[in-house]
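Chain identifiers are assigned alphabetically (A, B, ...) following the order of the sequence lines, protein sequences preceding nucleic acid strands; residue numbering begins at 1 within each chain. The basis for the numbers below is simple: all heavy atoms, side chains too, and nothing from hydrogens, waters or symmetry mates.
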Protein chains: 2
Amino acid sequence: MLAIIAMKAEDCIFFQLSKASQRGARFWAQKVACLNLTAVQAMVMRFLYEKDEITSAELGFRTDLDSATLTGILDRLESAGLAERLPNPDDRRAILVHLTAKGRESGSQVVKFMEEANAEFVRGLSGEEERTLRSTLKKIRKRAV
Amino acid sequence: MLAIIAMKAEDCIFFQLSKASQRGARFWAQKVACLNLTAVQAMVMRFLYEKDEITSAELGFRTDLDSATLTGILDRLESAGLAERLPNPDDRRAILVHLTAKGRESGSQVVKFMEEANAEFVRGLSGEEERTLRSTLKKIRKRAV
DNA sequence: TACAACTTACTTGTATGCAAGCATAATCGT
DNA sequence: ACGATTATGCTTGCATACAAGTAAGTTGTA
């Protein structure tokens, strides 16, 4: 049976996803503001902390950021002295993104903040809610669009 | 017991929310591209279709868009001949956003597309998954940040 | 009636997202 | 070896986000 009563705009799944995501991003942004990083920059730092010296393409794959967006982010991380682009000896087209010493220091802070922010953010959810949320978000993310 | 093994970047709830939201936004954007509307523009149209002749502040509250963002969106909807800003007789600072005839026509298409896109997007989820997702997203959205 | 405090919509500046296109370099088939 | 295809990172142009600030208008209060 399909809904006879029209869905309200607020009930749109795209709207709900977008706004919940914005809440999370703002929360995360506040957490890392003291590091002089934006939410996205901190996230990229976190990925680099996990695996360093990877190509821009690889980093883009991991972070789900396209190359145009990544270029700007890397520019800013580089300006801040947190990351640098190294030539890739295996492929002269490619670069290797590398965290500087200052970058690794900052990165370790990001790791700590992420643990804390995550725990704090999901505090209002039951274990079951959190599990289902995570698995459903993953399902949405992984599928072909 | 807290996690001893550090969380991976991918498991960050902010990352998961952001990327799932992006999937949704891209899906929705494709649906409404034929109307020459962006995902956000279509969403605003959908809200206006539901309640017309409201102030920019009211529209911003409903759509969860700040006034700076809304100004640009309304500019573009106005350029496209879909919406217009009317003077507010009750308050000379305020405006009333109004869908034109062309805008209402386009808006009815948006309504239809939204029903379809929603149904299609959640098709891969079980009823239980969808219910929990929606209620959890709502919980996240509604709480204080 | 003054006047301070607040609201409204707008502007500016910066940072993503994303589509489209580019020069350079690598790779594949012949 | 060589031309066609593909891959890499960059650039441009446009559309959100969002912080900060502004001019004009409204409201509460002495």
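Nearest-nucleotide positions on DNA chain C for A:Ser67 and B:Leu74 put B:Leu74 closer to the 5' end. Comparing B:Ala39 and A:Glu58 by the nucleotide of DNA chain D that holds the closest heavy atom to each, the one mapping nearer the 5' end is A:Glu58. For A:Asp75 and B:Asp64, each mapped to the nucleotide of DNA chain D holding its nearest heavy atom, the one lying further toward the 5' end belongs to A:Asp75.
Rounded to a whole Å, the NZ atom of A:Lys19 is 11 Å from the P atom of D:dT16. Separating the CG atom of A:Asn36 from the P atom of C:dT14 is a distance of 15 Å, rounded to the nearest angstrom. The distance between atom CG of B:Asp90 and atom C1' of D:dT27, rounded to the nearest whole Å, is 15 Å. Between the P atom of C:dA9 and the CD atom of B:Glu78 lies a distance of 13 Å, rounded to the nearest Å. When the C1' atom of D:dT16 is taken as reference, atom CZ of B:Arg26 falls 15 Å away, rounded to whole Å. Straight-line distance from the CG atom of B:Asn88 to the P atom of D:dG25: 14 Å, rounded to whole Å. Across the protein-nucleic acid pair, A:Ile73 atom CD1 and C:dC18 atom C1' stand 12 Å apart, rounded to whole Å. One can place CD1 of B:Ile95 at 15 Å from P of D:dT26, the figure rounded to the nearest angstrom.
Residue B:Thr69 has its side chain nearest to D:dT16 when only D:dG9, D:dT16, C:dT16 are considered. Taking only side-chain atoms of A:Asp66, from C-beta outward, the nucleotide of D:dC18, C:dC18, C:dT16 with the closest atom is C:dC18.
Atom OG1 of residue A:Thr63 and atom CE of residue A:Met43 lie 10.0 Å apart, to the nearest 0.5 angstrom. For the atom pair OG1 of B:Thr69 and CG of B:Asp64, the computed distance is 10.5 Å after rounding to the nearest 0.5 Å.
Listed pair A:Arg85 / D:dC10 meets the phosphate criterion, a side-chain N or O lying under 4.0 Å from OP1 or OP2. Residue B:Arg92 places at least one side-chain N or O closer than 4.0 Å to OP1 or OP2 of D:dT26. Phosphate proximity of D:dT16 to A:Gln22: absent, as no side-chain N or O sits under 4.0 Å from OP1 or OP2. For B:Arg76, a side-chain nitrogen or oxygen approaches OP1 or OP2 of D:dT16 to under 4.0 Å.
Across all strands shown, B:Leu70 has no heavy atoms under 4.0 Å from either base or sugar-phosphate atoms. Counting non-hydrogen atoms under 4.0 angstrom, A:Ala68 reaches a base of the nucleic acid. Within 4.0 Å (heavy atoms only), B:Thr38 reaches sugar-phosphate atoms of the nucleic acid but no base atom. Using a 4.0 Å heavy-atom cutoff across all strands shown, A:Asp91 reaches sugar-phosphate atoms only and no base atom. Contacts of B:Thr71 with the nucleic acid, taken as non-hydrogen atoms under 4.0 Å apart, include base atoms. Residue-level contact check: B:Ser56 touches the backbone only, with heavy atoms under 4.0 Å from sugar-phosphate atoms and none from bases.
For the residue pair A:Arg26/A:Gln22, the side-chain donor-acceptor check at 3.5 Å is satisfied.
A salt bridge is absent between B:Glu105 and B:Lys102: the closest approach of a Lys/Arg side-chain nitrogen to an acidic carboxylate oxygen does not fall below 4.0 angstrom.
Under a hydrophobic-cluster definition in which Ile, Leu, Val, Met, Phe, Trp and Tyr are linked whenever side-chain heavy atoms come within less than 4.5 Å, directly or via other members, A:Met45 and A:Leu70 are assigned to the same cluster.
Residue A:Glu10 forms a salt bridge (charged side-chain N to carboxylate O under 4.0 Å, His left out) with just one option from B:Arg141, B:Lys51, B:Arg62, and that option is B:Arg141.
Scanning atom types as modelled, one donor and one acceptor separated by under 3.5 angstrom connect the side chain of B:Arg93 and the base of C:dT7.
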